[in-house]
Amino acid sequence: MRLFISADIEGVAGIVSRDQAGPEGFEYAAARELMTNEVLAVVRGAQAAGVTECVVCDSHGNGLSILADRMPPGTWLVRSWPRPLMMMQGIEVGDYIGAMLIGYHAGAADSAGTMAHTMSSRGIRSVKLNGREADEAFISAATAGQFGVPLLMISGDDVFVEKNGPALGPVEQVVTKRSLGMFSGMSPSPETVCAALEAAASRAVAARQKAPLVKQDGPIEVELTLVDRLAVEVLDFLPMFRRLGANTIGFRADDMAALSRAFAFLLFFKLS
């Protein structure tokens with residue numbers, strides 16, 4: 001049995017600040033440990049329920065946050081960027097019993113949630129798919145759905161879980177912390193959260209036959225509101241894009257995989 005795990009860092013217990021989110025931050029080394037430990041807890045729980053192979057996608061920042069030397073036998077680790085399926089790279093390879101979204105967070109348009117953003121905390125203000133606001137969890141779950149992989153479990157702060165639990169269907173949910181603001185939160189001990197994640201992962205695998213398949217049918221009309229007005233102006237030079245407002249660009253994607261490839265281009269293309 002194969003399981004796919006997409007892991008972000010902002011929804012991990014104890015993560016509340018940009019000082020923890022990248023190599024320039026003084027707490028990044030400790031944050032990597034916290035993120036890795038939560039992923040390992042999920043792997044342990046899944047393996048206890050019969051999973052024989054886990055593909056773990058490091059989906060935060062530079063894509064190098066999870067400590068590779070801590071990964072146990074039976075795991076594959078997707079690292080670094082760019083990659084065409086972004087936070088779900090690897091979901092297209094082989095059969096999975098399901099996917100889990102670990103350490104996720106609220107979206108850019110949400111008024112609450114610790115370190116809330118969608119795809120780029122400094123570059124994107126809003127993402128809409130066919131007129132509906134979408135966050136990273138929906139984009140990831142719908143990408144899994146395109147490949148026939150159901151969603152088994154989510155984890156993150158209380159704002160993220162309270163919104164996405166009902167929206168994504170009957171999946172296992174683990175609240176890792178209580179959001180107190182954009183850059184503040186209150187967490188149980190990491191040991192407590194890891195124990196909850198391990199138990200939830202086992203339950204999720206055992207209940208996989210009831211897991212929902214999250215779908216976003218194409219074609220998909222995408223609206224992106226960006227921070228950089230000039231970027232919108234320049235993207236409008238390309239036939240794929242059309243300017244919808246001062247800071248909003250639109251385009252059409254055939255499916256979620258095509259949407260992910262467009263995001264990969266927008267976030268990582270630059271001239272040397």
Side-chain angles (χ1 to χ4, degrees), residues 6-12 15-18 21-22 57-63 65 81-89 91 99 101-146 151 154-168 176 179 181-183 185 214 216 220-229 231-232 235 241 244-245 247-253 255-269:
S6 176
D8 207 349
I9 205 170
E10 287 89 355
V12 168
I15 305 298
V16 293
S17 168
R18 286 181 177 152
C57 188
D58 188 329
S59 299
H60 172 71
N62 58 15
S65 295
W81 316 93
R83 53 199 191 212
L85 291 182
M86 297 290 287
M87 299 177 78
M88 299 302 285
Q89 190 67 50
I91 197 72
L101 310 180
I102 304 304
Y104 271 56
H105 50 80
D110 293 320
S111 59
T114 302
M115 301 182 77
H117 68 278
T118 303
M119 308 307 289
S120 170
S121 59
R122 292 181 170 90
I124 297 176
R125 290 178 178 167
S126 172
V127 178
K128 291 183 179 179
L129 308 183
N130 290 341
R132 168 189 170 183
E133 196 72 42
D135 60 11
E136 291 174 17
F138 179 80
I139 293 168
S140 293
T143 302
Q146 178 179 325
L151 182 64
I154 60 173
S155 74
D157 69 61
D158 57 340
V159 174
F160 163 73
V161 170
E162 286 170 10
K163 176 180 179 180
N164 282 278
L168 296 175
T176 59
S179 175
M182 182 63 182
F183 294 115
V214 180
Q216 173 65 68
I220 307 166
E221 296 295 337
V222 185
E223 294 181 34
L224 294 180
T225 301
L226 307 181
V227 174
D228 186 352
R229 179 177 175 138
V232 172
L235 285 170
F241 300 99
L244 302 176
N247 288 70
T248 303
I249 200 79
F251 65 94
R252 174 175 288 189
D255 53 27
M256 292 304 298
L259 174 66
S260 292
R261 294 179 75 91
F263 271 124
F265 166 76
L266 289 169
L267 294 175
F268 296 104
F269 179 77

query = Does any non-hydrogen side-chain atom of L101 lie less than 4.5 Å from one of N164?
reply = no
inquiry  = On a heavy-atom basis, which atom in S260 and which in T143 lie closest, and how many Å separate them?
reply    = OG-OG1, 4.0 Å
inquiry  = Under the criterion side-chain contact (heavy atoms from CB on, under 4.5 Å), I'd like the reasoning laid out for L267 against W81: C-alpha separation, chi angles, the key distance, then a yes or no.
reply    = CA-CA 10 Å; L267 294 175; W81 316 93; over 6 Å; no
inquiry  = Side chains of I9 and M115, heavy atoms from C-beta outward: is any pair under 4.5 Å?
reply    = no
message = Rounded at 0.5 Å granularity, tell me how far OG in S6 sits from CD1 in I139.
response = 11.5 Å
task = If the plane angle is over 60° it's perpendicular, under 30° parallel, otherwise tilted; pick one for F241 and F251.
result = perpendicular
ask   = So, the side chain of E223 versus the backbone of G250: is there a donor-acceptor pair under 3.5 Å, distance only?
value = no
message = Within the 4.5 Å heavy-atom criterion, are R122 and H117 side-chain neighbours or not?
response = no
message = To check you understand the geometry: which heavy-atom pair defines the closest contact between A137 and L168, and what is its length?
response = CB-CD1, 4.3 Å
key: Separation of S111 OG from M182 CE (nearest 0.5 Å)   = 12.0 Å
message = As a quick check of understanding, evaluate side-chain contact (heavy atoms from CB on, under 4.5 Å) for T176 and I15, giving each step before the final call.
response = CA-CA 10 Å; T176 59; I15 305 298; over 6 Å; no
Residues L259, M256; criterion side-chain contact (heavy atoms from CB on, under 4.5 Å); working and verdict = CA-CA 5 Å; L259 174 66; M256 292 304 298; 3.6 Å; yes
inquiry  = Would the distance check show the side chain of H60 and the main-chain N or O of A21 forming a donor-acceptor pair, the cut-off being under 3.5 Å?
reply    = yes
Between CG on residue L235 and CZ on residue F265, distance to nearest 0.5 Å = 6.5 Å
task = Any chance you could measure I124, atom CD1, to T225, atom OG1, to the nearest 0.5 Å?
result = 9.5 Å
query = Is there a side-chain contact between L226 and T248 (heavy atoms, below 4.5 Å)?
reply = no
key: Rounded distance [0.5 Å steps], CD in Q89 versus CG in D58   = 13.0 Å
task = Spell out, as yes or no, whether a donor-acceptor pair under 3.5 Å connects the side chain of Q146 to the backbone of D255.
result = no
ask   = Once you round to the nearest 0.5 Å, how far does NZ of K128 lie from CD of E133?
value = 6.0 Å
task = Run the numbers on C57 and R83 for side-chain contact (heavy atoms from CB on, under 4.5 Å), then give the verdict.
result = CA-CA 11 Å; C57 188; R83 53 199 191 212; 3.4 Å; yes
ask   = Are the side chain of D135 and the backbone of A106 linked by a donor-acceptor contact shorter than 3.5 Å?
value = no
query = Under a 4.5 Å cut-off applied to non-hydrogen side-chain atoms, are F160 and I154 in contact?
reply = yes
request  = For the residue pair M86 and S59, establish whether any side-chain heavy-atom pair is separated by less than 4.5 Å.
outcome  = no
query = So, do V127 and F263 sit near enough that their side-chain heavy atoms are less than 4.5 Å apart?
reply = yes
remark   = On a heavy-atom basis, the closest approach of Y104 and M87 is OH-CE, 3.5 Å
request  = Decide whether T114 and E10 meet the rule of one side-chain donor and one side-chain acceptor closer than 3.5 Å.
outcome  = no
request  = For the pair D157 (side chain) and G11 (backbone), establish whether a donor and an acceptor sit closer than 3.5 Å, ignoring hydrogens and angles.
outcome  = no
